[in-house]
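Written out below as structure tokens is the structure these notes cover.
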Amino acid sequence: MDLSLTETQELLKRGVEEFIERETPLSSVVSLQQSERGYSDAIWRTAAEVGWLGMLTPEAYGGSGSSFMDAAVVFQALGAGAIPGPLLSSGVIAPLVIEALGTEAQREQYLPALARGELVATFALTEPEWGWGVDRVQLRAEASGDGYRLNGTKLFVYDAHAADVLLVAARTSEGVRVFVVPATAAGVEVRRLEGLFSAECQVRLTGVQVPASAMLGRTDGGGTAAALEAALLRATPILCAYQVGGAQTAFELSVDYSRRRRQFGQPIGRFQHVQNHIVQLVNHLDGARWTTYEALWKLDAGKPGVEVSAHLAKVCASEGFVHAVNYAHEVHAGVGVMHEYGLTLFTRLSRSLYFALGDPKWHRQRLAALLPDHELSEVA
Amino acid sequence: MDFEVAYSPEQEQFRAEVRAWLAEHVPQVEGDRDSDENYEKYRQLGRELGAKGWLRPAAPVEYGGGGLPVDHAIVIAEEVDRYDLRLPPYYDSGGTLGGASILVWGTEEQKRRMLPPIFRGEVVTWQLLTGPEAGSDLAGTTTDARRDGDEYVLNGEKVFVGGSHGADFLWTIARTDATGERHRNLSWFLIPADLPGIQYRRMELLGDGNEGIGSGYKNTIYFDNVRVPAAQLVGGENNGWQVASTHLELEHGAGGRIGSNRLFRMTREWARQLKREGRPLIEHPDVQERLVDVFVQTEVTRLLNLRNYWMNQSHQRMSYEGPQASYYGKMAGLEVSQAMMDIIGPYALTTDEEWDVSRGLVEPYLKSAIVALHPGGTADIQKVIIARRIGVGRDIAERAGDTGGQAAF
């Protein structure tokens with residue numbers, strides 16, 4: 001048993017932290033948020049150069065083939081800085097989906113370009129009658145000529161406004177399959193949505209014609225719905241780590257503020273109600289943290305029960321991040337809602353990512369289905 | 001990271017030895033596990049474990065412990081856990097927490113004299129902390145120990161202590177300087193329980209009927225001019241608050257715990273056995289949802305305890321983690337209790353022989369979850385300590401007590 005980070009992981013973590021200190025402190029993220037795209041070229045260039053986008057991609061496809069825990073260490077640190085951009089979409093979810101579903105040729109075509117940051121991809125699943133189960137997909141892909149014709153609307157698609165290609169889950173006569181659709185293809189309309197979102201978009205596909213080769217795994221039969229569900233589940237703990245990072249910063253900001261802010265002649269942290277907010281916050285933070293780490297360990301070590309652990313982690317991370325931010329707002333009161341202070345970056349993320357790769361309700365439903373037959377380990 | 005204890009071939013061999021030995025020595029008990037007759041069987045098991053060095057496996061061998069590496073101690077703990085037992089297999093709060101404190105703070109002479117009987121299971125020791133005037137405010141105790149020659153004369157009262165089968169020693173904090181500065185006026189004593197002037201009165205409490213944290217039986221103990229040899233004072237006169245920091249740190253959960261999620265497993269089993277509308281409860285969606293709630297709560301509790309176990313065993317600097325696990329566990333107990341009521345309905349409340357599917361487990365659990373809110377510091381006190389350790393409102397965070405890397409032996 002060893003719950004510490006390895007030396008490599010400590011270095012990875014420091015690397016991200018130093019980048020954030022140097023280039024993207026919270027104040028700069030606040031101003032980026034008001035820009036049209038929401039992130040900067042500098043962030044993207046660094047992510048590509050340092051290798052954050054190809055961590056989970058095997059070396060044979062231009063990635064570093066790192067462990068899930070290594071990648072999570074980086075994404076937790078990025079989450080702590082509320083670093084924006086399609087990092088999770090194009091650096092984690094898309095590569096995992098393509099690697100799991102794609103043919104050899106498709107992997108070679110897309111994975112190296114994604115790892116280098118030259119290609120930006122995002123995965124589009126949810127629709128107006130939304131839901132994170134693959135079985136909810138209604139958007140149609142009908143055989144047409146030598147390929148397929150796609151019709152329908154994808155909603156709440158993260159980072160589509162920045163994507164070069166969209167990985168669109170669509171219903172075919174053989175079940176749900178994933179199609180690689182260029183964002184510039186005729187009939188594709190992407191619109192970023194206003195609201196308490198990070199980068200959610202609407203993607204409307206009207207008679208979009210794609211070649212048969214656009215279907216992931218078509219020629220080798222690998223692109224099944226089951227494979228897609230498995231790939232999304234593997235991406236989930238990395239997303240959780242990003243949420244843990246955000247909750248960690250909400251915690252640190254709150255502790256710091258409890259020391260500096262004085263009312264009634266003393267630091268507000270001397271008041272037990274304020275202390276209680278921070279105690280509840282750290283309990284949510286650590287619940288999210290350790291369920292996430294255990295899921296990552298199971299992924300890396302190939303342990304049984306990884307599905308259950310991933311669902312549990314997302315329940316704790318999504319609920320925990322929202323609660324953590326709420327308690328942080330109770331501690332900060334007025335100052336917390338001033339955009340320039342920075343807490344609202346995490347407020348926004350906690351709400352937006354609550355739903356990403358499935359909201360807690362969906363993951364609880366999955367747990368309800370799995371737990372009656374779940375094998376519990378004898379010890380630990 | 002690695003969440004599993006890695007077992008070497010040597011450990012697996014040791015496990016086989018332990019398993020075979022336990023199969024031969026763990027007593028068969030029928031009925032109330034805590035009856036006088038059964039209690040004596042578990043004491044006897046304790047003595048036999050103690051003679052092998054397996055009662056307190058990781059405690060130093062020169063003081064009566066097993067002197068075994070942590071890897072072996074883990075194996076013994078796991079194998080004992082298979083019988084739903086802990087080490088020791090009976091209530092010995094003063095031996096567990098006092099033993100660790102004496103190891104950190106006792107003189108060499110005291111360690112050689114006091115620890116072997118404890119670590120070998122020859123004696124039972126109760127910890128006596130709470131007084132009528134000193135609950136959460138432990139430092140406010142008014143039990144007095146006045147020096148008189150080679151003895152201290154104790155007067156005062158401790159409440160909510162011990163169990164139902166008596167003790168050989170009492171591990172007690174008392175005031176050695178009635179007018180002294182707070183936190184610098186206390187001392188610890190290991191008091192022979194048979195000294196003249198000690199009186200017991202039983203307290204009947206809501207509880208699970210077993211000795212221990214959820215016990216339905218506690219005592220008030222009165223000290224009336226009890227003369228305690230000065231050699232029984234541990235950790236230096238008026239240094240008792242320092243000693244307490246070790247004791248309390250362990251009591252507050254810093255030792256951690258590894259084990260399977262038995263609570264969830266049991267709840268699920270009952271949901272399989274009972275029926276509603278002709279179908280097993282576990283097939284009902286509302287029951288499945290509540291089982292998820294139980295799972296989430298108990299898994300987070302398990303992981304926080306596992307983290308603490310690792311931190312303590314690997315000598316990491318601890319901060320708020322001990323009281324956090326304690327607080328979380330207390331609150332989860334209440335949440336899980338309510339989920340159990342939702343899952344199995346009014347069956348949760350019965351101990352009736354015909355209708356209690358859990359055979360004496362759920363109803364006691366519901367009661368002990370409430371009792372467990374206060375021992376080792378109330379839930380509110382745990383929160384106060386967590387906040388201090390984090391440094392909420394303070395420039396310098398309070399440091400955790402020194403456990404000397406000792407888990408509870």
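Here is the naming used below: chain letters follow the sequence lines, and residue numbers restart at 1 for every chain.
Every pair passing salt bridge (charged side-chain N to carboxylate O under 4.0 Å, His left out) that includes a residue from residues 284-299 of chain B is listed here, sequence neighbours excluded: R364(A)-D293(B), R276(B)-D286(B), R290(B)-D293(B), R290(B)-D342(B), E299(B)-R302(B).
In terms of heavy atoms, L371(A) sits closest to L291(B) at CD1-O, 4.3 Å. Contact record, W290(A) with F3(B): CE3-CZ, 3.9 Å, taken as the closest heavy-atom pair. Closest non-hydrogen pair, S258(A) versus G393(B), comes out as OG-N, 2.9 Å.
Using a 4.5 Å cut-off on side-chain heavy atoms (C-beta onward), R394(B) and R270(A) make contact. In this structure, Q280(A) and K383(B) have side chains that are in contact, with non-hydrogen atoms separated by less than 4.5 Å.
Residues of residues 320-333 of chain B lying under 4.5 angstrom from chain A, judged on non-hydrogen atoms, are Y320(B), Q324(B), Y327(B), Y328(B) in numerical order.
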Steps toward side-chain contact (heavy atoms from CB on, under 4.5 Å) verdict (Y309(B), L3(A)): CA-CA 10 Å; Y309(B) 180 87; L3(A) 304 182; over 6 Å; no
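Residue L5(A) holds its CG atom at 4.5 Å from CE of M1(B), rounded to the nearest 0.5 Å. To the nearest 0.5 Å, atoms CD (E375(A)) and CZ (R265(B)) are separated by 8.5 Å.
Looking at K303(A), the atoms closer than 4.5 Å to chain B (heavy atoms on both sides) all sit in the side chain, from C-beta outward. With a 4.5 angstrom heavy-atom cutoff, R272(B) touches chain A only via side-chain atoms. Proximity to chain A involves both the backbone and the side chain of I390(B), based on heavy atoms less than 4.5 angstrom apart. For R268(B), the part sitting under 4.5 Å from any heavy atom of chain A is the side chain, from C-beta outward, and nothing else. Proximity to chain B (any heavy atom under 4.5 Å) is shown, for V282(A), by both the backbone and the side chain.
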